Student: 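Let me give you the structure first, and then I'll get to my questions.
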There are 2 protein chains.
Amino acid sequence: MSDTTDHKTGRPTLADVAALAEVSRAVVSRALSPSPRPVSADKRERVLRAAEALGYRPNPLARSLTTKRTNLVAVVVNHIHDLSDLDLFDRLLGEIQAIGKQVLLLKVGSVDRVEAFLREGVAHHVDAALVWSDFADAATVRRMFRSDLVVMMNGCHDALSPAVVPDEAVGIREAVADAAAKGVHSAALVTGRASSAIEGERVASYRAAFEAEGIALAAVLQGDYSYASGRAAAAAFQHEATPDAVFCTSDAMAMGVLDACRRFFPDDRPSRFRLYGFDNLSITDHDAYPISSIGFDKAGFVEHIVRFVVHPETFVPGSPPVGVPTRFFPRATG
Amino acid sequence: MSDTTDHKTGRPTLADVAALAEVSRAVVSRALSPSPRPVSADKRERVLRAAEALGYRPNPLARSLTTKRTNLVAVVVNHIHDLSDLDLFDRLLGEIQAIGKQVLLLKVGSVDRVEAFLREGVAHHVDAALVWSDFADAATVRRMFRSDLVVMMNGCHDALSPAVVPDEAVGIREAVADAAAKGVHSAALVTGRASSAIEGERVASYRAAFEAEGIALAAVLQGDYSYASGRAAAAAFQHEATPDAVFCTSDAMAMGVLDACRRFFPDDRPSRFRLYGFDNLSITDHDAYPISSIGFDKAGFVEHIVRFVVHPETFVPGSPPVGVPTRFFPRATG
DNA sequence: CTGTTAGCGCATTCAA
DNA sequence: TTGAATGCGCTAACAG
């Protein structure tokens, strides 16, 4: 008779299954292992039956302690709103679950938060950390999760960690070329947080494209990616001379600009300037915000990330970030 | 000389700290414990210094194995898009992290997925599971995570698990009363998935409110909460007699209805019918979708959930779900 | 193929 | 206050 069950917590352990099936713990471990391991057919059968009878559920934590694999993948963001791209995130979550791992979602909206995590040491070990937050560099994240595998999507990578970033220059060139072809000679740029590495490169790409197409950069307005900041920025167009085109580094800001201008110039049917956004949010497919935008293939993006998680060995230290090409998506405002 | 470091993995363990500080492992454990425990000042000092020198980070998994607390909280959703309410989710994530726990995000878009989790037994032990997905009942979730504490937000609760649900009837009555006060006599209802428990109650609330206000229910159209399904549903209004008002059980569907009607009746300035949404999404504060809606206090909602996580003992088995009152948010379309 | 043994990293008895 | 010993639940290494 097994008397190990209920010794502490009510939940049956592997030892209980072994006792009931009258085999050793090792056999139970092997029979229940996801990977095929040598167990005779009849013992396997007895084990499965016993596990079923007891309602046994393995404890992944205990397993991790010996295997050194937690099947946990951290996703680190500034705020949930970084995932404005819910489509991308939904797909990512699905793929991670499909490879038998689970997502630990962390938001670290400031450098303070990162340091707090480090100090308190509460962050779980994970098999991999996927970083969108730009408040954390690769080295810090490696310490934070004691994981050697961190994939950086925030534009800050180092030699030891792979990175996947949209190659934004391509799409930006296409968008600016589109504007030029339509007779645009002057443009304003509405930007996000200047401190972010990605944003710096993005702005540089716009400047280069304007230069190449002979478009004058009439103004640079500072926003924070949000709808509200887009609206605020658009106030500049109400009184001053409006440029031929306005480029925003996020669709949300472009939506704000669009709404502000609809209010300023209610009867201005053919819009007073061409408007270009960034992100290719799904809402730009709604009638109310038909904003020409720049986006990338989400499936491809996720595929690269997951590949690093599944085959970390394919990463050669020091290699450059994997670029996912962006492209221009023309819509009514462009 | 300590030779325990680097024996397997390079990461220092508690034993390494003990060796360097020249104290026992127990002392290190106590000195580094979050809760105050008896350690002499000088030893504590030596331990902290040694831990710092080694870059020691405790392993939460190993700790969990003995404490039976993982500091993990599962959030279970159908799809990420359930979190249309990103504001709510962002706040929830913040609060959970504030109490020293971390969020494990699971999507189980179908009953199959739930069963797969159960079968594969890969779900981590968690301190609590917060369930939005309506593909999982409380008992199943308890088995899934071997956790006694699951909080149901999907409308399916049982005697053993607490539940927090918006009290939708209040807001619905207010919205319908608003319509009645404005002379609405007939209404159409655009609904989501009929199978969901929440949706069933919601529809019943609308029916009751219509009845109470003497509004005739002209049509019930089936959607799936999405923008696209709202657009499709609106086709019915193009040819048939339009009702005085259209009530949608999600803002996304209301947005679809609005855009479809703008297209059908482009010059119909004073809209042909009043439109009411549900969820009070932040986008309804944008100019383009000024949809009167029904929402609830997100801070209060999250507060209730977190309270159950922190003080599970406050839940009395068998008690009814905690209701968070909703209210009507009038906007231009109402 | 099987069972025994020895840890994984930590918290917690219990004596001292 | 301290340290030695024990065990959490499981897998891996080894010998049969």
Side-chain angles (χ1 to χ4, degrees), chain A residues 2-47 51 54 56-71 121-125 146, chain B residues 2-19 21-47 51 54-71 121-125 146:
Chain A
S2 148
D3 68 337
T4 57
T5 306
D6 272 36
H7 44 150
K8 270 299 191 272
T9 157
R11 321 195 184 296
T13 75
L14 178 146
D16 300 320
V17 178
L20 183 59
E22 300 183 295
V23 297
S24 74
R25 293 177 352 205
V27 168
V28 177
S29 175
R30 289 193 274 259
L32 263 35
S33 165
S35 44
R37 296 161 131 281
V39 182
S40 67
D42 71 319
K43 294 209 173 182
R44 178 189 306 278
E45 191 52 39
R46 268 156 51 197
V47 167
L54 260 37
Y56 167 74
R57 327 238 58 227
N59 183 338
L61 261 60
R63 179 188 320 226
S64 302
L65 204 52
T66 66
T67 60
K68 309 289 185 195
R69 292 169 58 265
T70 58
N71 283 341
V122 291
H124 270 272
H125 289 208
R146 304 162 210 71
Chain B
S2 148
D3 67 337
T4 56
T5 306
D6 274 36
H7 43 150
K8 269 302 190 268
T9 157
R11 321 193 184 298
T13 75
L14 178 146
D16 300 320
V17 178
E22 299 182 296
V23 297
S24 74
R25 294 178 342 198
V27 169
V28 177
S29 174
R30 289 192 277 257
L32 265 33
S33 167
S35 43
R37 297 163 133 282
V39 182
S40 66
D42 71 320
K43 295 210 173 183
R44 178 190 304 279
E45 190 54 36
R46 270 159 46 200
V47 167
L54 260 37
Y56 168 73
R57 331 237 55 230
N59 183 337
L61 260 60
R63 183 192 318 236
S64 302
L65 202 52
T66 65
T67 62
K68 307 289 184 195
R69 292 169 57 261
T70 59
N71 284 340
V122 290
H124 270 272
H125 291 208
R146 305 159 212 71

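Letters A, B, ... mirror the listed sequences (proteins, then strands); counts begin at 1. Keep in mind that what you see is a predicted model, and the values were worked out from it rather than measured. Values reported hereafter were calculated over all heavy atoms of this structure, with side chains retained and with hydrogens, waters and symmetry mates removed.
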Student: Which heavy-atom pair separates Arg63(A) from Pro58(A) by the least distance, and what is that distance?
Tutor: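 Minimum heavy-atom separation between Arg63(A) and Pro58(A): NH2-CB, 3.6 Å.
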Student: Which is more 5' along DNA chain D, the nucleotide nearest Pro38(B) or the one nearest Leu65(B)? Just name the residue.
Tutor: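 The residue mapped nearer the 5' terminus is Pro38(B).
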Student: Round to a whole Å and report the spacing from CZ of Arg44(B) to C1' of dT2(D).
Tutor: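 Distance check: Arg44(B) CZ to dT2(D) C1' gives 14 Å.
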Student: Keeping the roles fixed (side chain from His124(A), backbone from Thr70(B)), state whether a donor-acceptor pair exists under 3.5 Å.
Tutor: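 Side chain of His124(A) to backbone of Thr70(B), a donor-acceptor pair under 3.5 Å: yes, one is there.
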Student: Taking 4.0 Å as the cut-off, does a side-chain nitrogen or oxygen of Ser33(B) come that near to OP1 or OP2 on dA11(C)?
Tutor: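 No, no such contact exists.
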Student: Quick check for you: among dG9(C), dT2(D), dT2(C), whose closest atom lies nearest to any side-chain atom of Lys43(A)?
Tutor: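 The answer is dT2(C), which lies nearest to the side chain.
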Student: Take the C1' atoms of the five end pairs on each side of the helix from dC1(C)-dG16(D) to dA16(C)-dT1(D), derive the two axes, and give their angle rounded to 10 degrees.
Tutor: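 Rounded to the nearest 10 degrees, the bend comes out at 40°.
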Student: Closest nucleotide of DNA chain D for Ala62(B) versus for Glu22(B): which of these residues is on the 5' side?
Tutor: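 Final value for this comparison: Glu22(B).
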Student: Let me know which of Val23(B), Val27(B), Val28(B) forms a side-chain contact (heavy atoms from CB on, under 4.5 Å) with Arg46(B).
Tutor: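 One option only clears the test, and that one is Val23(B).
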Student: With a 4.0 Å cut-off on heavy atoms, is Arg37(B) in touch with a base, just the backbone sugar-phosphate, or nothing at all?
Tutor: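 It contacts sugar-phosphate atoms only.
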Student: Check the distance between dC10(C)'s C1' and His125(A)'s NE2 and give it to me in whole angstrom.
Tutor: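 The distance from NE2 of His125(A) to C1' of dC10(C) comes to 11 Å, rounded to the nearest Å.
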Student: Could you give the distance from CZ (Arg69(B)) to NE2 (His125(B)), rounded to the nearest 0.5 Å?
Tutor: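 One gets 15.0 Å once the value is rounded to the nearest 0.5 Å.
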Student: To the nearest Å, how far apart are His124(A) NE2 and dC8(C) C1'?
Tutor: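 The distance from NE2 of His124(A) to C1' of dC8(C) comes to 16 Å, rounded to the nearest Å.
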Student: Would you compute the distance between atom CZ of Arg11(B) and atom CZ of Arg146(A) and round it to the nearest 0.5 angstrom?
Tutor: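 Between atom CZ of Arg11(B) and atom CZ of Arg146(A) there are 8.5 Å.
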Student: Measure from the side chain of Thr13(B), starting at C-beta and using heavy atoms only, and say which of dT2(D), dC8(C), dC10(C) lies closest.
Tutor: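 Closest of the options to the side chain of Thr13(B): dC10(C).
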Student: Please report the distance, rounded to the nearest Å, between CG in Leu14(B) and P in dT12(C).
Tutor: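 Taking CG of Leu14(B) and P of dT12(C), I get 12 Å after rounding.
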Student: Roughly how many Å is it from CZ in Arg63(B) to C1' in dA11(C), rounded to a whole number?
Tutor: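 Whole-Å distance recorded here is 9 Å.
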Student: Of all of residues 23-31 of chain B, which get a heavy atom below 4.0 angstrom from DNA chain C, listed by number?
Tutor: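 Of all residues in residues 23-31 of chain B, the ones placing a heavy atom under 4.0 Å from DNA chain C are Arg25(B), Ala26(B), Ser29(B).
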Student: In this structure, how many angstroms lie between the C1' atom of dA13(D) and the NZ atom of Lys68(A), rounded?
Tutor: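 In whole Å, dA13(D) C1' lies 15 Å from Lys68(A) NZ.
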Student: Can a side chain N or O of Thr67(B) be found less than 4.0 Å away from OP1 or OP2 on dT12(C)?
Tutor: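 For Thr67(B), the contact criterion (side-chain N or O under 4.0 Å from OP1 or OP2 of dT12(C)) is not met.
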Student: Could you tell me whether a side-chain N or O of Ser64(A) sits under 3.5 Å from a main-chain N or O of Pro60(A), the two making a donor and an acceptor?
Tutor: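 Yes: the side chain of Ser64(A) pairs with the backbone of Pro60(A).
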Student: Heavy atoms only: give me the nearest Val17(B)-Val47(B) pair and the separation to one decimal.
Tutor: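 Smallest heavy-atom distance, with atoms named: CG1-O, 3.8 Å.
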Student: Send over the distance from Asp42(A) CG to dT2(C) C1', rounded to a whole Å.
Tutor: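 Rounded to the whole Å, the gap is 12 Å.
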Student: Mind listing the closest non-hydrogen atom pair of Pro12(A) and Asp16(A) along with its distance?
Tutor: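 Looks like CA-OD2, 3.1 Å.
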Student: Ignoring hydrogens, what is the shortest heavy-atom contact between Tyr56(A) and Thr13(A)? Give both atom names and the distance.
Tutor: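 Reported closest heavy-atom pair: CE1-C, 3.4 Å.
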Student: When the nearest nucleotide of DNA chain C is assigned to Val39(A) and to Pro58(B) on a heavy-atom basis, which residue is associated with the more 5' position?
Tutor: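 Going by which nucleotide is closer to the 5' end, it is Val39(A).
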Student: dC10(D) P sits how many Å from Leu61(A) CG, rounded?
Tutor: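 Roughly 11 Å, once rounded to whole Å.
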Student: Does anything in residues 23-37 of chain A form a salt bridge (Lys or Arg N to Asp or Glu O under 4.0 Å)? List the pairs, not counting sequence neighbours.
Tutor: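 Found none.
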